[in-house]
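In what follows, a structure is listed as structure tokens, so that the remarks can point back to it.
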Amino acid sequence: MPWPRFDLPLLHTLVAAVDAGGLVRAAARVGLTPSAVSLQMRRLEAQAGCALLRKQGRRLVPTPAGERLVSYARRLLQLDEEAHAALQEDAEAGVVRLGAPQDVAERWLPGELARFARTRPRVRLEVVIERSAALREALAGGRLDLALLFGEEVPGAALLGELPMEWLASAALPRPARGEPLPLVLFDPPCAFRSAAIAALDGAGLPWRLALTSPSLSVLWASAAAGLGATARTPLGAPAALRPAGRRLGLPRLAPVRLWLHRTSDRAAPAALADALAKALRDRHAVPQRRPGDRG
DNA sequence: CGTAAGTCTTCTATATGCTT
DNA sequence: AAGCATATAGAAGACTTACG
């Protein structure tokens with residue numbers, strides 16, 4: 001057996017395969033074709049000397065040996081990241097200012113930032129929670145280095161992932177009678193979710209009315225949860241009382257929204273740090289498509 | 001020591017078969 | 001029929017070896 005026993009890139013792919021639950025999705029994560037990933041897993045099984053993955057229906061799940069190796073692989077990859085970061089640490093002391101919408105900042109970002117901070121203890125992160133319009137303005141004004149934004153493609157922005165956009169409502173909100181307008185709970189404009197919701201209803205010829213608008217996501221969640229109206233958003237961070245309600249209320253399907261990583265065009269100041277954080281987020285692009293166990 | 005030729009490794013593209 | 005894993009052929013790059 002040649003040294004080393006295990007190739008780090010193969011372990012990285014194994015972790016991606018187990019996390020993604022299949023080789024096709026793993027391939028997208030690691031930037032290879034599915035066949036290359038399949039070959040990598042065969043090579044890794046040869047290195048391990050035993051089967052690491054097995055089929056379960058259409059999914060691929062780890063064997064007991066695979067699970068043990070994944071646990072080691074995570075530690076090895078973490079150590080690799082730390083070793084790399086340690087060599088760069090001296091060049092990397094400073095502040096990164098990152099903006100994000102509230103649901104992203106609360107539900108997705110903390111884990112990613114903690115991971116980043118572990119490997120770069122001398123970096124201070126400043127997270128700004130604002131609506132997209134305010135974040136765009138702050139980015140343009142040089143008050144942010146990076147921003148996570150929902151919406152359309154902008155040159156220079158990196159796609160982090162796609163999230164389903166759904167109609168969300170309390171079970172207490174009745175289906176409107178024929179011809180009755182659907183009460184909506186939405187952000188003030190400009191808002192990508194608001195525009196998409198209204199366009200979808202208008203496109204389907206369904207009447208609607210604004211029951212409440214607010215600049216605060218918490219107010220929207222609480223109002224919708226109380227049954228004031230339906231809202232359109234990703235399910236990320238939605239309170240438990242809000243359920244996907246498109247089918248029950250007879251509403252048109254909504255296209256998924258894309259989450260983009262924008263960075264300031266001002267390449268000055270802590271460009272290296274912002275680059276490092278941007279790379280860390282892009283590399284993982286771990287936007288949960290749908291957590292296992294979630295329904296519809 | 002430097003370089004050219006041969007070999008090996010690993011990738012993509014495409015085809016195929018299995019499962020749901 | 002769609003979605004997925006895998007088999008195979010060929011291409012590209014990395015590595016090794018032989019030679020001047």
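Contacts classified as side-chain hydrogen bond (donor to acceptor under 3.5 Å, both in side chains) and involving residues 244-255 of chain A (residues at least two apart or in different chains) are not found. Pairs of residues two or more places apart, or lying in two chains, never qualify as salt bridge (Lys or Arg N to Asp or Glu O under 4.0 Å) while including a residue from residues 217-227 of chain A.
Of the possible donor and acceptor atoms, one in the side chain of A:Trp167 sits under 3.5 Å from a partner among the backbone N and O of A:Pro252. A donor-acceptor pair is defined here as one N or O able to donate and one able to accept, closer than 3.5 Å; no such pair exists between the side chain of A:Arg29 and the backbone of A:Ala16.
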Listing, residues 231-245 of chain A side-chain donor-acceptor contacts under 3.5 Å, not counting sequence neighbours, or none:
| unit_1 | atom_1 | unit_2 | atom_2 | d |
| --- | --- | --- | --- | --- |
| A:Thr231 | OG1 | A:Val185 | O | 2.7 |
| A:Arg233 | NE | A:Asp103 | OD2 | 2.7 |
| A:Arg233 | NH2 | A:Asp103 | OD1 | 3.1 |
| A:Arg233 | NH2 | A:Asp103 | OD2 | 3.0 |
| A:Thr234 | OG1 | A:Leu236 | N | 3.2 |

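Backbone-only contact: A:Arg25 has heavy atoms under 4.0 Å from sugar-phosphate atoms and none from a base.
A:Leu149 and A:Val128 fall within a single hydrophobic cluster, where Ile, Leu, Val, Met, Phe, Trp and Tyr side chains are chained together by heavy-atom contacts under 4.5 Å.
Counting side-chain heavy-atom gaps under 4.5 Å among Ile, Leu, Val, Met, Phe, Trp and Tyr, A:Val61 is found in no cluster with other residues.
Residue A:Arg124 places its CZ atom among 12 or fewer non-hydrogen atoms of other residues, nucleotides or ligands, all under 6.0 Å distant.
Summarising the geometry, the separation between CG on A:Leu23 and C1' on C:dA7 is reported as 14 Å, rounded to the nearest angstrom.
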Protein-nucleic acid N or O pairs under 3.5 Å, nucleotides 18-20 of chain B:
| unit_1 | atom_1 | unit_2 | atom_2 | d |
| --- | --- | --- | --- | --- |
| B:dT19 | O2 | A:Arg58 | NH2 | 3.1 |
| B:dT20 | O4' | A:Arg58 | NH2 | 3.4 |
| B:dT20 | O2 | A:Arg58 | NH2 | 3.1 |

Where protein sits on nucleotides 7-12 of chain B, one letter per nucleotide: B base, S sugar-phosphate only, - none, heavy atoms under 4.0 Å
---SSB

